[in-house]
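Inspection log for the structure reproduced underneath, given as structure tokens.
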Amino acid sequence: MRTTAYAFGIAFGLSLILTPLVRWFARKTRAMCYPNSRSVHRKPIPYLGGVAIYLASVLTMLAFPPDDRVALYSVIVGGFIILVVGLIDDLWDITPVQKLIGQCASAGAVIWIGVSISFVTNPFTGAVKLLGFLAIPLTVFWIVSFENLVNFSDGLDGLAAGETGITALVMVFAADKAGASGTTTAAAALAGSVLGFLPFNFHPASIFMGDAGAMYIGLALAVLSVQGLAKSAVFMSVMVPVLTLMVPISDAAFAVIRRSMSGTSIARADHDHLHHRLLELGMDQRQ
């Protein structure tokens with residue numbers, strides 16, 4: 001675990017250094033999130049926080065490469081693709097269909113490198129069932145779902161960063177416990193980079209991770225859970241990110257149901273997420 005601790009610490013430190021730099025660059029280039037009718041914030045906030053998270057985590061993974069190089073290359077390549085898609089959406093806006101195509105492209109790159117949910121394990125008998133031709137669509141669904149899940153939860157200062165930072169930390173210990181040591185350093189690097197970004201994103205935020213950061217974190221969590229935890233053939237281990245993110249998963253599910261029943265697009269933003277409801281009850285963003 002010593003190497004894992006080093007990876008976490010270096011990623012945390014890099015994120016602390018890189019985040020102010022990208023914040024300065026965002027202000028200089030006017031890469032800003034301007035308030036609109038759906039916004040909680042009331043003044044322009046710099047974007048590009050996702051770039052700092054990506055660089056801090058990837059540089060640390062390269063310095064402490066995990067035993068599973070498939071996970072490493074998948075996070076780097078797939079993460080870069082979805083980071084670019086997110087940056088385009090943050091700065092110039094793209095349609096939901098275009099964003100979905102970009103998400104599928106990032107998932108396709110990950111699958112091409114070698115990541116796939118090729119089997120499931122019966123938690124009661126331990127029997128392994130191969131998925132065959134279902135492996136590819138299931139893997140695409142898993143990755144795209146996590147990209148959107150984290151993106152959906154990024155509605156308040158520090159919310160997505162706090163949730164996913166905790167999830168990545170839980171994955172570190174779960175992977176070590178399950179004997180999936182090949183990805184513990186990668187999960188630690190992700191956790192460190194996200195939690196190093198959090199002080200700048202906690203209310204009142206001075207920078208946002210944007211769609212770019214949220215979707216990159218979602219992809220990284222999806223890849224590491226499949227490559228690290230699922231490969232251990234322990235059923236519950238692959239459920240770690242799902243269980244840790246159960247509140248935002250439930251919130252996202254209700255959002256889809258709510259928007260479908262009202263006849264609006266499921267990609268259309270609204271003010272009915274759980275965090276919006278809590279704000280309406282009188283809580284502030286820190287609470």
Side-chain angles (χ1 to χ4, degrees), residues 1 3-8 10-11 14-15 50 53-83 103-121 131 135-136 138-147 149-150 164-165 167-195 213-242 244-245:
M1 288 291 286
T3 302
T4 302
Y6 288 155
F8 176 86
I10 290 176
L14 281 174
S15 193
I53 294 172
Y54 176 82
L55 290 175
S57 58
V58 166
L59 289 174
T60 304
M61 290 178 198
L62 290 172
F64 298 93
D67 296 337
D68 187 347
R69 297 305 172 90
V70 171
L72 173 64
Y73 300 145
S74 297
V75 170
I76 293 174
V77 177
F80 180 77
I81 293 172
I82 200 61
L83 185 78
Q103 292 170 340
C104 290
S106 67
V110 166
I111 293 170
W112 179 75
I113 291 171
V115 174
S116 69
I117 304 175
S118 56
F119 64 85
V120 291
T121 306
L131 295 176
I136 291 179
L138 181 59
T139 305
V140 171
F141 176 78
W142 179 263
I143 294 171
V144 171
S145 294
F146 267 81
E147 290 172 345
L149 169 64
V150 178
T164 56
T167 301
L169 275 179
V170 173
M171 288 183 67
V172 173
F173 293 102
D176 183 68
K177 187 74 173 177
S181 59
T183 57
T184 51
T185 54
L190 180 65
S193 63
V194 174
L195 294 177
M215 292 194 294
Y216 163 67
I217 295 170
L219 178 138
L221 288 174
V223 168
L224 294 179
S225 65
V226 171
Q227 280 301 106
L229 302 179
K231 296 303 184 184
S232 68
V234 179
F235 173 80
M236 286 306 296
S237 62
V238 75
M239 297 301 292
V240 164
V242 174
T244 312
L245 293 171

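The model shown is predicted, which means the values in this text are computed figures rather than measured ones.
For Leu83 against Gly50, the heavy-atom pair with the smallest separation is CD1-O, 3.7 Å. In terms of heavy atoms, Cys104 sits closest to Val140 at SG-CG1, 4.4 Å. Closest non-hydrogen pair, Ser116 versus Val226, comes out as O-CG1, 3.6 Å. The nearest pair of heavy atoms linking Leu219 to Gly79 is CD2-N, 3.6 Å. The shortest heavy-atom contact between Gly114 and Val70 is C-CG1, 3.8 Å. Contact between Ser74 and Val223 at its shortest, heavy atoms only, is CB-CG1, 3.9 Å.
Side-chain contact between Gln103 and Ile82: present, with at least one pair of heavy atoms (C-beta onward) separated by less than 4.5 Å. Between Ile10 and Phe64 there is a side-chain heavy-atom pair separated by less than 4.5 Å. Side-chain contact between Leu195 and Leu169: present, with at least one pair of heavy atoms (C-beta onward) separated by less than 4.5 Å. Using a 4.5 Å heavy-atom cutoff, the side chains of Leu221 and Leu190 are in contact.
A distance of 5.0 Å separates OG1 in Thr139 from CD1 in Ile111, rounded to the nearest 0.5 Å. One distance of note links CG of Leu72 with CG of Asp67; it measures 11.0 Å at 0.5 Å rounding. Rounding to the nearest 0.5 Å places CG of Leu59 at 6.0 Å from CG of Leu14. Between the OG1 atom in Thr164 and the CD1 atom in Ile53 there is a gap of 7.0 Å [rounded to 0.5 Å]. Here Asp68 contributes atom CG and Gln227 contributes atom CD; the two are 4.5 Å apart, rounded to the nearest 0.5 Å. Separation of atoms OG (Ser193) and CD1 (Ile217) is listed at 7.0 Å; rounding is to 0.5 Å.
Counting heavy atoms of neighbouring residues, nucleotides and ligands inside a 6.0 Å radius, atom CD1 of Ile76 exceeds 12 of them.
Contacts of Tyr54 classified as ring pair (Phe, Tyr, Trp, His ring centres under 6.0 Å), with partners at least two apart in sequence or in another chain: Tyr216. With sequence neighbours left out, the side chain to side chain donor-acceptor pair (under 3.5 Å) criterion links Ser106 to Glu147. Annotation: side chain to side chain contact (heavy atoms under 4.5 Å, CB included) contacts of Ala188 (sequence neighbours excluded): Thr4, Ala7, Phe8, Val172.
In terms of modelled atom types and a separation under 3.5 Å, the side chain of Ser15 and the main chain of Ala11 share no donor-acceptor contact.
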